[in-house]
Structure formats: C-alpha cells, structure tokens
Amino acid sequence: MSTRIAFLKGHGTENDFVIVPDPENAIDLPPAAVAALCDRRAGIGGDGLLHVVRSEAHPEARHMAAEAEWFMDYRNGDGSIAEMCGNGVRVFARYLQRAGHTTEGDLAVATRGGVKRVHIAKDGDVTVGMGRALLPEGDVTVSVGERSWPARNVNMGNPHAVAFVDDLSHAGDLLSPPPFSPATAYPDGVNVEFVVDRGPRHVALRVHERGAGETRSCGTGACAVAVATARRDGADPAVTGAPATYTVDVPGGTLVITERPDGEIEMTGPAVIVAEGEIDADWLAAAAAV
C-alpha cells in the first residue's frame, strides 16, 4: 500500500460521501476504517463511503461486469454494508464523469441492489433508474416518544418505513432509530421516513437512515415516499396507466421522483464533487486495527 490514498468528497442534496477510487479493489476497508473516514471530527466526514471498484475486480460484482464496468461498493457511515444508496449512485456517476471514465449520457452502475441505469444530463442533474418498489404486506407501526403512526412498508433494494405525520418536528431528533413493530418486519433494521404534504404531488420528508442517523437526504427514501404517497393518493401508475411524478423536498434540497406504469422508478437530482485529497495510509491502518 502506498503512503497516501486518494479520496474525494461529494454530496447529492447534502447527503455526503467520502469517495475512495480503487479500481483493482486493492485497498482494505474494514468497518472500523470506514467509520473512521466518515467521522466528522476525527476523519473526513460523511454519511457514507463510496468505494469505486471495477466490477470484475470485486467478488460481489463480478457477475454484473458484462452489464456495468463499475461497482459502487457502498458503506454506511458506521462501516456497515448497505444494498443501495440513491444519492450515492448519482455522486458515484459524477465521480466517474470527473475522472474521465464516462461522459454525459447513459451508463450502468453495479450495486448490491442490482445494476442501475444512470443518465448524466447536460444541465448537471443526474437521473438514476431505481428499479421497482416492493410493497411487503403486513401492518407496521413506528414511534417517537409517546406518538405512534402506521407506516407503509416499502422496499427499494433496502427497507423503508414511511409514516405520514402532521408536522416534521414530530420525528424528534432522529439521533437513534425510531422504534418499530412488529420486530419481525425489519430483522436487519430499517430506514424511517416521516412525511408531510406541501401541495399537489409535492411532499417533504425527514429520515433516519439505518447506520447513519438523520441525514440531509436519502434517495431510496425519497423513492419509497413517492411510492407510498401515490398509493395513498390513489395514483398507483399500474392502476391508472399514467406515470406518477412527485417533488420530494429533503432537508438538503429537492428530488423529483417518477414511477412509471411498468413499475420502474426514476430519481432526478443534483450531484456535486466538492474536494479531493489524500488519506494518510498509516492513519487508516491504525483506524482499521481498532
């Protein structure tokens, strides 16, 4: 390992990430090292980490290499592995563009949630094909303090519980995971979105992301919210035959989510690279050994 490791910092609607380019999958990034890099005081700081690896070089992505050259090995801020991150895919695509690996137009990105289709527009926005939502059956309840709400169970490659509330302040500080029941609904934890209406086809959310706490944005969460809201509004595209598009305000900006009659969901929003530099390899090795 060299004495310095390249990194970049980027965000999508203020959901921020440490980006570690590693085409040949040569850098060891155990959970403790990822958590140290994402630490906002002792590390670089981020809601998560984007490990940029060629699909053929990663054992979890090799089977997708024919469809997507690059694999987004995504980690939560606590070092745990996540299936998908919608904002992360947009920032991942922006990095590939910056590094000269792709240009404006279409590309494919491999993730643990499958291959995602991405379009980089001339105006700078990035659109990600997020796949279809699954709507597991069964009642779910989420709670904050003495308040409880029914929640819609939506899976976007990762699990979400979507609760409609009267005021976003009812979500509390979201520092710890909101309790949910039944416990069997989410054996590996869940992302919880609290949602209010802003106008026709326009909602706002706050989110507790599993493994990260409250974040400024959650792409898969915004998609889950749009799907849950469409069902609540009687605007299920599979039933109406018409696409359903929702504007979703997150604390860090705005995303536009469209669900099509065939179930495919697209998310459009900004992606920004803000800095690049080098990580001290000795520091990272010490962090990994903790």
Side-chain angles (χ1 to χ4, degrees), residues 5-22 25 27-53 58 60-61 70-96 109-113 116 118 126 128 130 156-160 174-177 188-193 205-224 250-253 255 267 269-277 279 284 287-288:
I5 299 167
F7 82 92
L8 298 90
K9 179 72 182 287
H11 76 91
T13 49
E14 299 182 12
N15 194 188
D16 62 334
F17 309 97
V18 179
I19 306 163
V20 179
D22 182 22
N25 197 28
I27 300 171
D28 186 26
L29 289 171
V34 173
L37 287 167
C38 292
D39 189 296
R40 296 191 182 279
R41 292 180 174 84
I44 296 165
D47 294 321
L49 183 142
L50 306 176
H51 185 206
V52 184
V53 185
H58 199 289
E60 293 183 69
W70 295 95
F71 172 54
M72 185 181 78
D73 176 17
Y74 181 70
R75 318 293 182 86
N76 292 314
D78 65 354
S80 61
I81 288 173
E83 301 90 338
M84 240 297 282
C85 176
N87 288 317
V89 174
R90 296 203 320 279
V91 175
F92 190 93
R94 178 69 74 226
Y95 162 74
L96 293 178
V109 174
T111 77
R112 289 185 177 85
K116 303 302 177 185
V118 181
V126 180
V128 179
M130 299 290 286
M156 286 297 308
N158 56 359
H160 295 267
L174 291 182
L175 295 175
S176 57
D188 299 316
V190 64
N191 306 286
V192 182
E193 287 80 26
L205 69 80
R206 287 179 63 200
V207 57
H208 176 93
E209 282 200 64
R210 179 182 56 168
E214 182 172 15
T215 59
R216 301 284 293 169
S217 181
C218 177
T220 56
C223 292
V250 297
L255 297 167
M267 174 185 63
V272 182
I273 304 295
V274 299
E276 59 182 311
I279 302 163
L284 187 63

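By convention here, the first residue in the shown sequence is residue 1. The shown structure was predicted, so the numbers you read here are calculated from the model rather than taken from an experiment.
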Between [atom1] on residue [X] and [atom2] on residue [Y], distance to nearest 0.5 Å:
X: I81; Y: D188; atom1: CD1; atom2: CG; answer: 12.0 Å
X: L37; Y: I5; atom1: CG; atom2: CD1; answer: 8.0 Å
X: M72; Y: K116; atom1: CE; atom2: NZ; answer: 9.0 Å
X: R94; Y: L50; atom1: CZ; atom2: CG; answer: 13.5 Å
X: F17; Y: I273; atom1: CZ; atom2: CD1; answer: 10.5 Å
X: R206; Y: E214; atom1: CZ; atom2: CD; answer: 4.0 Å

How close do [X] and [Y] get, counting heavy atoms only, and between which atoms?
X: A93; Y: V126; result: CB-CG1, 4.4 Å
X: A33; Y: A288; result: CB-CB, 3.9 Å
X: L49; Y: L29; result: CD2-CD1, 4.1 Å
X: L175; Y: H208; result: O-CE1, 3.9 Å
X: R216; Y: P251; result: NH2-O, 2.9 Å
X: L255; Y: G219; result: CD1-CA, 4.3 Å

[Y] and [X], any side-chain heavy atoms less than 4.5 Å apart:
X: R90; Y: T13; answer: yes
X: V118; Y: V89; answer: yes
X: W70; Y: F92; answer: yes
X: R75; Y: H51; answer: yes
X: C85; Y: N15; answer: yes
X: L8; Y: P21; answer: yes
X: P159; Y: R210; answer: yes
X: C218; Y: H160; answer: yes

Check your understanding: Of all residues at least two apart in sequence or in a different chain, which pass the salt bridge (charged side-chain N to carboxylate O under 4.0 Å, His left out) check with D16?
Key -> K9, R40
Study note, to complete from the structure: Sequence neighbours excluded, the answer for side chain to side chain donor-acceptor pair (under 3.5 Å) partners of R112 is E60, D73
Check your understanding: D47 and T215: side chain to side chain donor-acceptor pair (under 3.5 Å), yes or no, with the steps?
Key -> CA-CA 7 Å; D47 294 321; T215 59; 5.0 Å; no
Review point. Are the side chain of D78 and the backbone N or O of S80 linked by a donor-acceptor pair below 3.5 Å?
Key: yes
Point to revise | Derivation of the side chain to side chain contact (heavy atoms under 4.5 Å, CB included) call for V52 and L96 | key: CA-CA 9 Å; V52 184; L96 293 178; 4.2 Å; yes
Practice item. Answer with yes or no whether the side chains of N158 and T220 bring together a donor and an acceptor at under 3.5 Å. Key: yes
